[in-house]
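Beneath this line is the structure, given in structure tokens, with notes to follow.
As a basis for the values below, the full set of heavy atoms in this structure was taken, side chains included, without hydrogen atoms, waters or symmetry mates.
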Amino acid sequence: MEAAKLTRLEARTRAIQGAGKLALMACCLSLGFVVVATAFPQRRALEKLEAKLELVKERERKVLAQRDHRNIELRALREDPAFLELHARDRLDYCREGERVLRFKRDR
């Protein structure tokens, strides 16, 4: 009789341990799903911000290139009399006597 009680008690203990392990696995799985579910919207937001950052970096590169070009042009206007004359004649539509000026339209 004692052996039968002990066997039932051991079986019950194993069943409770198995149920405990199963409950622990279920909690871990649900916690994992919660973590993954909250990570997806953050990942999408991160991708949007990275795309926006790339656009801003591209715009910055263009602005810096334009700034460099204007600095070169300014230095040429200050230091190179031939460039200054050419620039002034172009903007003011001046030409020398006997000189023929051809104008071309720019497609933009």
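- For the atom pair CG of Leu86 and CG of Leu77, the computed distance is 10.0 Å after rounding to the nearest 0.5 Å.
- Taken to the nearest 0.5 Å, the CZ atom of Arg89 stands 4.0 Å off from the CD atom of Glu99.
- Atom CZ of Phe83 sits in a crowded spot, with more than 12 heavy atoms from other residues, nucleotides or ligands closer than 6.0 Å.
- If you take CD on Glu54 and CG on Leu49, they are separated by 12.5 Å, rounding to the nearest 0.5 Å.
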(message) Apply side chain to side chain contact (heavy atoms under 4.5 Å, CB included) to residues Met25 and Leu29 and explain how you reach the verdict.
(response) CA-CA 6 Å; Met25 287 176 53; Leu29 269 172; 5.5 Å; no
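- Atom CZ of Arg14 and atom NZ of Lys21 lie 11.5 Å apart (nearest 0.5 Å).
- Salt bridge present: Arg61 and Glu58 bring a charged side-chain N and a carboxylate O closer than 4.0 Å.
- By the 4.0 Å N-to-carboxylate-O rule, Glu85 lies close enough to Arg96 to be salt-bridged with it.
- Note that the CZ atom of Arg12 and the NZ atom of Lys5 stand 10.5 Å from one another [nearest 0.5 Å].
- To the nearest 0.5 angstrom, Lys52 atom NZ is 9.5 Å from Leu55 atom CG.
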